[in-house]
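A quick write-up on the structure given underneath.
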Amino acid sequence: MLARLDRYIVGLDVGTTKVCAVIGKATDDGELEIVGVGHAPSRGQKRGVVVEIGSTVASIKSAIEEAELSAGVSVDRAWISATGDHIRGFNSRGSVTIEGRAREITEQDIRRVIDAASHPDLPKDREIVHLLPQQFVVDGQDRILDPLGMSGTRLEVELHLVVASVSAVQNLVNCANSGGIEVQAVVLESLASSEATLTDDERELGVALVDIGGGTTDLVCFHGGTVCHTAVFPVGGQNFTNDVGVGLRTPLAEAEQIKTRYGAVLAELVPADQSIEVAGIGGRGSQLVPRRRLCDILKPRAVEILDIVREEILRSGIGDVLHAGIVLTGGGALLEGLAETAEQRFGLPVRVGVPSGVTGVTDLVAGPVYSTAVGLALYGYRNREPRSRFELQDPAWYRRVRGRFAEWIRDLF
Ligand SMILES: Nc1ncnc2c1ncn2[C@@H]1O[C@H](COP(=O)(O)OP(=O)(O)OP(=O)(O)O)[C@@H](O)[C@H]1O
Ligand SMILES: [Mg+2]
């Protein structure tokens, strides 16, 4: 029997290394209860984008089936995440003059100004995935939530736009559809992860969420409760694994195991006399290697990835407003010593973010690899009125005017 769809919300994270489906149930007391979880290894993705339809569809089907079995319900639609270095985020601003005698701002004026801010000269092969409102400004007065009915002669809006390759998004949607899943919305991976890991206080004070996955590292920065910067870098956990494979001359599957089991970024965390057994390539015998050798291999890559993120933050001019520091999530955040190294590189407090804000079988989604899938379900729960595929994000201070804003956005596409 098909589940009552308005009660069940599905997050489908199609990652580079795994596909994860999380089924949440909206409870009568206003919580999202996780009732089912399923995963499957992902083989058809490279650096966050679909490169092989068949195996991506198979992974999606298998993750969904497992989640359905554990939840005891069938589902046919989901909120799905997108990442990849085809994605660009930028801030945009629009302004319009308020005509008429009364000079009172009408809905039409608000539509016009959003339209003005959200129609940059996009190439035909790009589409807007998110229009994230930051603030309205009326005659120079900023941080206005809802300018409707206010008097003024000039209305401005500031938005953060997330733009993606039409074909990359469409391939993802097609894979979900072929797996029997209708896509309710495509959500930027980092934004989904932020739903499950960040607090409203952090978003208000200023925070950078860094989701280090297998193929990509995704950055989203908040300040004043709204998104001020997003970026995707095509590096992640697989780079560490490759480095270990090359450095220790061992097959990648073995390198992955060694990395997750014994890997650490800081040599101080590892006893000097510890050794690990490493299998050789092509049937060559195994060898004993000091565990600290692994730190020497992992550290430069950790520093490289962290510095890419740090430079992006500095370049975008938001380094000074990240008063709540950095939150690391994604499987890469499990690397021992990474948070400490990040603290040194950024000179800011760093914590590892794991999913929170849900009830139910939370032990099944406890680690940072589940941040995106749980975040998608939470995002879906918090935005569950039917909308266009192009969603706006829903920062706390914006919730009040959400419904009306969603209408305007829908009309734009
Ligand atoms: N204990 C660990 N130590 C180091 N790395 C780990 C550990 N556990 C998992 N990882 C790494 O985390 C990565 C997978 O993380 P995650 O599941 O967040 O990626 P993904 O969502 O599939 O990929 P992406 O988001 O890039 O598309 C893998 O590269 C894996 O090796
Ligand atoms: Mg991921």
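Whatever order the structure lists ligands and atoms in, that order sets their numbers, starting from 1.
Protein heavy atom closest to atom 27 (O) of ligand 1, with residue, atom name and distance, is T16 OG1, 2.6 Å. Scanning all protein heavy atoms for the shortest distance to atom 25 (O) of ligand 1 gives E189 OE2, 3.0 Å. With hydrogens left out, the protein atom closest to atom 5 (N) of ligand 1 is K259 CE, 3.6 Å, a heavy atom. Looking from atom 2 (C) of ligand 1 to the surrounding protein, the closest heavy atom is L334 CB, 3.5 Å. The nearest protein atom to atom 17 (O) of ligand 1, hydrogens excluded, is given as K18 NZ, 2.8 Å; this is a heavy-atom distance. Summary of contacts: the protein heavy atom closest to atom 14 (C) of ligand 1 is T17 OG1, 3.5 Å. Of the protein's non-hydrogen atoms, T260 CG2, 3.4 Å is the one closest to atom 7 (C) of ligand 1. With respect to atom 18 (O) of ligand 1, the closest heavy atom belonging to the protein is G331 N, 2.8 Å.
Among the atoms of P368, none of the N or O lies under 3.5 angstrom from an N or O of ligand 1. Polar contact with ligand 1: absent for G15 (N/O pair, distance under 3.5 Å). The N/O atoms of T241, backbone and side chain alike, include none that comes under 3.5 Å of an N/O atom in ligand 1. Residue-to-ligand polar distances keep D211 apart from ligand 1: every N/O pair is separated by 3.5 Å or more. Between G214 and ligand 1, an N or O atom pair is found at a separation short of 3.5 Å. Checked against a 3.5 angstrom limit, the closest N/O atoms of T83 and ligand 1 fall outside it.
Residues F233 and I305 are not in side-chain contact: their nearest non-hydrogen atoms beyond the backbone lie 4.5 Å or more apart.
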### Query
Under the side-chain hydrogen bond (donor to acceptor under 3.5 Å, both in side chains) criterion, do Q134 and T226 qualify, and how do the steps go?
CA-CA 6 Å; Q134 293 169 330; T226 67; 4.8 Å; no

### Task
Determine, stepwise, if the pair T16 / Q45 fulfils side-chain hydrogen bond (donor to acceptor under 3.5 Å, both in side chains).
CA-CA 5 Å; T16 307; Q45 294 251 118; 4.7 Å; no

### Task
Given side-chain hydrogen bond (donor to acceptor under 3.5 Å, both in side chains), test S95 with R154 step by step and report yes or no.
CA-CA 7 Å; S95 70; R154 188 177 179 74; 2.9 Å; yes

### Query
Taking it one step at a time, do D211 and T329 satisfy side-chain hydrogen bond (donor to acceptor under 3.5 Å, both in side chains)?
CA-CA 5 Å; D211 182 324; T329 197; 5.4 Å; no

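There is no side-chain donor-acceptor pair under 3.5 Å between S59 and S42. E312 and H229 share a side-chain donor-acceptor pair at under 3.5 Å. Between T216 and D218, the side chains place a donor N or O and an acceptor N or O closer than 3.5 Å (distance only, hydrogens not considered). Residues E31 and T359 have side chains that never bring a donor and an acceptor to within less than 3.5 angstrom of each other.
Heavy atoms of G332 approach ligand 1 to within less than 4.0 angstrom.
In this pair, Y370 and H39 present their aromatic rings tilted. The plane angle is within the 30 to 60° band.
Among the atoms of E189, an N, O or S atom is found under 2.8 Å from the Mg ion (ligand 2).
Using a 4.0 Å cut-off between charged nitrogen and carboxylate oxygen, E277 and R291 do not count as a salt-bridge pair.
With ligand atoms numbered from 1 in the order given, ligand 1 contributes 17 (O) to contacts under 4.0 Å with heavy atoms of V369.
Looking at E256 against ligand 1, only its side chain comes within 4.0 Å, counting heavy atoms. Contacts between Q45 and ligand 1, counted as non-hydrogen atom pairs separated by less than 4.0 Å, are absent for every part of the residue.
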